[in-house]
Chemist: 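The structure's right below; bear with me while I get my questions together.
Letters A, B, ... are given to chains in the order of the sequence lines, protein chains preceding strands, and every chain is numbered from 1. Computation of the quantities below employed the complete heavy-atom set of this structure, encompassing side-chain atoms and omitting hydrogens, waters and symmetry-equivalent molecules.
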Amino acid sequence: MTVLRTSNLTKHYGKVKALNGVDIEVRKGEVFGFIGPNGAGKSTTLRILLGILKATKGDAQIFGKDVWHDAVELHKRIAYVPGDVNLWPNLTGGEVIDLFVKMRGGSRTKKREELIHKFQFDPSKKCRSYSKGNRQKVALIAAFSSDADLYILDEPTSGLDPLMERVFQECVMEVKQEGKSVLLSSHILSEVERLCDRVAIIREGKIIETGSLAEMRHLTRTTLNVETKEPMPDLTGHDGVHNVEEKEGAYVFQVDSEKLDEVIAYISSFGVVKIESAPPTLEDLFMRHYEGTGAGGVV
Amino acid sequence: MIRHLYANTGLLSRLVLRQDRVRLPIWLLALIGATLLVVNAFATLYSSQPKRQSMADTMMNPAMTAMVGPAYGIENYTIGAMLAHQMLLFTAVVVGIMNILLITRHTRAEEEDGRVELVRALPSGKLSNVTAAITVISGANVLLGLLTALGLIAMGVDSIGVEGSFLYGLSLSATGIFFAGLTAVFAQLCETARSAIGWSMAVLLIAYMTRAIGDVSSEALSWTSPFGWIVRTETFVNNIWGPVLLTFGAGVVLIGLTFYLNSIRDVEAGFLPSKPGRKKASPLLLSRIGLPFRLQRTALISWAVGMLVLGASYGSVLGDLESYFSEIEIMQEMLAQVKGVSMTEQFLTMLMAVLAMISTIFPMMAVLKLKGEENKGRTEHVLGRAISRNRLLGSYLVLAVFFSFLMVSLSAIGLGGAGISVMEDGLSFSTFYNSAVVYLPAMWVMLSVCVLIIGWAPRLSGLAWLYLIYSFIVVYLGSLFQFEEWVEKLTPFGHIPDMPVEDVSWPVLAALTAIAVVVTTIGFIGYNKRDIHG
Ligand SMILES: Nc1ncnc2c1ncn2[C@@H]1O[C@H](COP(=O)(O)OP(=O)(O)OP(=O)(O)O)[C@@H](O)[C@H]1O
Ligand SMILES: [Mg+2]
């Protein structure tokens with residue numbers, strides 16, 4: 001069942017084309033990763049989904065309702081954590097958490113105390129004295145202590161330490177088990193790899209890849225580390241082989257997944273002494289897509 | 001060592017100039033332009049000695065003294081004397097406000113937004129940022145003074161001599177530098193730009209009022225206020241330089257204090273200690289207008305006290321005014337055009353207009369606060385939850401309307417309370433109160449303009465303030481310059497009946513309220529359609 005769907009979502013800021021026909025679909029009960037280089041349009045997409053920005057063109061629906069017209073109704077079922085968490089300097093963290101929960105129409109719960117404890121957060125300090133990570137904790141505690149059906153999280157962990165990052169991942173797994181859906185934008189690929197069922201990659205306002213990690217791996221390259229009896233002088237020229245490095249008779253290179261069979265047959269003719277293969281990481285995949293983004297730059 | 005403290009100040013100064021390359025010229029041009037226009041108007045309207053002398057007579061009363069400072073050179077009231085007597089203080093106040101806004105913008109505001117931290121991490125000194133801001137803004141003050149002086153000289157008016165022109169201009173510079181220093185000190189003490197502005201403005205207001213009360217009743221009190229100093233230069237008549245040097249010296253001391261405070265504190269810290277707060281939100285904060293109210297609570301208290309005191313200090317001169325008018329019967333006959341209305345009552349109408357416009361400042365700030373929240377990226381939290389745009393904007397507006405009522409009432413209570421206690425033939429309290437609240441519809445029109453701007457073009461919020469300043473000039477100086485009728489009708493304040501002299505006109509009040517409602521509605525429509533930027 002589809003929880004969230006956008007079609008041809010387009011956003012122009014004057015002449016700047018921030019989004020250029022974005023299509024994504026999040027299904028019930030899944031964690032959907034949204035990745036892409038800086039300035040690709042992730043935050044813009046999420047803010048349109050929240051009805052804070054108005055799309056220039058295209059259509060976006062959550063739970064079958066329009067994100068712009070039915071914003072208030074929808075927000076009762078959505079929890080959002082923005083990319084930059086800016087808080088009121090003279091309110092305490094505890095006050096802000098309560099305020100956020102109240103604004104969704106909820107009330108203080110036991111979950112709040114649990115999360116405050118889990119995130120090792122001191123709610124009695126004024127927000128001006130919180131570090132970036134602590135400000136994010138305010139937004140995360142407010143989000144996870146509320147009973148939402150969809151969580152929209154924009155780089156929620158960019159300021160958290162590894163321990164807190166793990167607490168965050170537990171929270172996501174927990175809501176997933178309850179059958180809720182999560183849309184997670186992130187630059188931390190290991191996090192995306194661990195949490196997400198499906199991923200979309202956005203670049204320059206366009207989705208260039210969507211699918212499960214398994215599907216995406218299929219499209220990408222496997223790294224091989226091979227030692228042969230005889231040298232392989234023509235390896236570099238072989239179809240589907242990339243980035244060959246030779247070290248003391250050992251070759252490290254990448255092979256397009258669909259050419260794997262041919263390449264293995266080719267190497268074996270040189271007498272394989274040792275062969276190791278590493279599955280493609282999301283990072284490899286990512287780098288391949290990011291390279292040559294020009295203005296957008298590389299992470 | 002010293003070099004370490006100030007490294008990269010030059011570069012940072014250029015950055016300040018770059019940020020203000022539009023703002024500064026506008027301030028300077030507006031201030032100089034206004035001064036020269038006034039000279040021109042005076043020279044045209046009061047070209048003959050008898051005309052000037054008759055104006056001099058209207059100046060010789062405690063109320064005028066409270067407003068513009070002690071009269072001098074009255075025996076021979078030249079254009080120069082008129083200019084310095086009636087405009088110097090007024091202009092100096094505006095220069096003070098300019099410095100408060102500009103200095104805060106480049107010190108505490110930069111720091112609050114984390115930009116000073118970025119700069120400090122570069123090879124720049126501890127004091128570089130504050131030095132750059134103070135240098136550039138002080139430079140602007142000096143430039144303002146010199147250009148004003150040159151402009152005055154160039155006008156070629158007989159009674160406006162070279163020495164007097166420089167004294168006039170440099171009085172403005174010195175006042176500017178004083179308030180630059182004062183604001184810089186508050187920028188060290190307070191942790192937010194808003195409270196730095198609040199405290200500095202409060203001191204400016206108090207300085208104005210102690211001078212007003214002092215000029216009327218005790219000269220010693222006036223000497224505690226920088227405005228009290230500046231009106232004692234007796235420019236274009238006696239040209240006394242001492243007060244300017246005093247003001248300048250005090251400014252330098254404040255700047256020194258700023259450097260000291262800046263060097264002993266941490267980046268982004270203030271001196272007012274922060275104690276642990278509530279772990280949970282109170283029911284009040286969670287109510288519908290809880291957040292906007294909480295965000296403005298401190299400012300509200302300061303403004304409430306301020307309006308009460310301002311009203312009371314105007315009220316306290318009413319007694320002197322009354323006895324003064326009764327002493328000079330001839331004048332009473334000359335000026336009392338309306339039968340059955342005392343001079344005091346006529347004067348009251350003018351006072352009420354001024355108080356109403358000052359009472360509008362805080363409610364306008366309360367509406368425009370929403371734009372500040374958006375700039376700081378905090379409305380996203382609200383609109384990202386189950387709060388509609390109408391409810392968000394509505395909560396700010398409802399508060400502002402309540403503030404408008406509160407502020408104008410407090411100023412009337414202060415004025416009436418003090419007035420009744422010092423006047424023998426006292427007016428009734430309801431006279432005071434009614435002639436104040438009658439301004440509410442005009443204040444609501446101003447609020448609706450703020451809503452309109454927030455709805456359609458939040459970047460233009462400066463226009464709302466320009467409109468208020470325009471209203472102030474037209475109403476406050478209108479009779480002096482004898483503007484055309486329509487000029488006065490362009491501001492809602494120009495339409496309000498002058499109670500108690502005139503009767504209340506319900507159709508006018510209803511029409512203004514209707515305009516306010518329509519403009520507000522248009523503003524809400526815009527706010528529901530546009531992108532929210534944070
Ligand atoms: N108010 C605005 N006016 C003009 N351009 C804008 C505005 N807001 C965003 N943009 C542009 O839209 C594009 C997308 O920005 P967005 O913030 O969505 O990127 P992002 O993918 O979230 O990047 P990051 O990973 O850095 O958070 C960028 O090129 C940005 O410069
Ligand atoms: Mg972003």
Chemist: Answer yes or no: are there more than 12 heavy-atom neighbours, outside R288(B) itself, under 6.0 Å from its atom CZ?
Modeler: no
Chemist: At their closest point, which heavy atom of E25(A) faces which heavy atom of R27(A), and how far apart are they?
Modeler: OE2-NE, 4.0 Å
Chemist: Determine, stepwise, if the pair D147(A) / K180(A) fulfils salt bridge (charged side-chain N to carboxylate O under 4.0 Å, His left out).
Modeler: CA-CA 10 Å; D147(A) 182 34; K180(A) 285 140 181 204; 2.9 Å; yes
Chemist: Can you tell which part of R77(A) gets under 4.5 Å to a heavy atom of chain B, answering side chain, backbone, both or neither?
Modeler: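 Contact with chain B: none, neither part.
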Chemist: Here's a test for you: under side-chain hydrogen bond (donor to acceptor under 3.5 Å, both in side chains), which of H187(A), E165(A), K132(A) qualifies with S158(A)?
Modeler: K132(A)
Chemist: With a strict 4.5 Å heavy-atom criterion, list every residue of residues 64-75 of chain A that contacts chain B, or say none.
Modeler: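 W68(A), V72(A), H75(A) fall under the 4.5 Å cut-off.
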Chemist: Side chains of S146(A) and R104(A): is there a donor and an acceptor less than 3.5 Å apart?
Modeler: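 Short answer, yes.
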Chemist: To the nearest 0.5 angstrom, please state how far the CG atom of L115(A) sits from the CD1 atom of I97(A).
Modeler: 8.5 Å
Chemist: Would you say the side-chain atoms of T157(A) and E191(A) include a donor-acceptor pair closer than 3.5 Å?
Modeler: yes
Chemist: Which residues in residues 523-530 of chain B have a heavy atom less than 4.5 Å from any heavy atom of chain A?
Modeler: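 Checking residues 523-530 of chain B against chain A gives N528(B), K529(B), R530(B).
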Chemist: The test is salt bridge (charged side-chain N to carboxylate O under 4.0 Å, His left out); show your working for R294(B) and E95(A) and say whether it passes.
Modeler: CA-CA 11 Å; R294(B) 173 66 181 275; E95(A) 286 177 317; 3.0 Å; yes
Chemist: Do the two ring centres, one from Y130(A) and one from F121(A), sit under 6.0 Å apart?
Modeler: yes
Chemist: Would you mind checking which part of K376(B) comes under 4.5 Å of any heavy atom in chain A, side chain (CB onward), backbone (N, CA, C, O), both or neither?
Modeler: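 Just the backbone, heavy atoms under 4.5 Å.
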Chemist: For K76(A), which atoms come within 4.5 Å of any heavy atom of chain B: side chain, backbone, both, or neither?
Modeler: both
Chemist: Under a 4.5 Å cutoff for heavy-atom pairs, which residue among G534(B), G290(B), G384(B) has the most contacts with chain A?
Modeler: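 Top option by heavy-atom pairs under 4.5 Å: G384(B).
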Chemist: Taking the six-membered ring of Y80(A), is the NZ or CZ of R385(B) close enough (under 6.0 Å from the centre) and on axis enough (within 45°)?
Modeler: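 No; the conditions do not both hold, so R385(B) does not lie above the ring face of Y80(A).
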Chemist: Measure the acute angle between the ring planes of H533(B) and Y13(A), then classify it against the limits of 30° and 60° as parallel, tilted or perpendicular.
Modeler: tilted
Chemist: For L87(A), is it the side chain, the backbone, both, or neither that has a heavy atom closer than 4.5 Å to a heavy atom of chain B?
Modeler: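 Contact with chain B is through both the backbone and side chain of L87(A).
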Chemist: Taking atom types as modelled and ignoring hydrogens, do the side chains of S186(A) and E155(A) form a donor-acceptor contact shorter than 3.5 angstrom?
Modeler: no
Chemist: Is chain A contacted by the side chain of T192(B), its backbone, both, or neither, given a heavy-atom distance below 4.5 Å?
Modeler: side chain
Chemist: Measure up the Y151(A) and F144(A) rings against each other and bin them: parallel (under 30°), tilted (30 to 60°), perpendicular (over 60°).
Modeler: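 Parallel: the ring planes of Y151(A) and F144(A) meet at under 30°.
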Chemist: Report the option among R112(A), K102(A), M103(A) that has the most heavy-atom pairs separated by less than 4.5 Å from atoms of chain B.
Modeler: M103(A)
Chemist: Looking at chain B, which one of I78(A), L53(A), L50(A) has the largest number of heavy-atom pairs inside 4.5 Å, strictly under?
Modeler: L53(A)
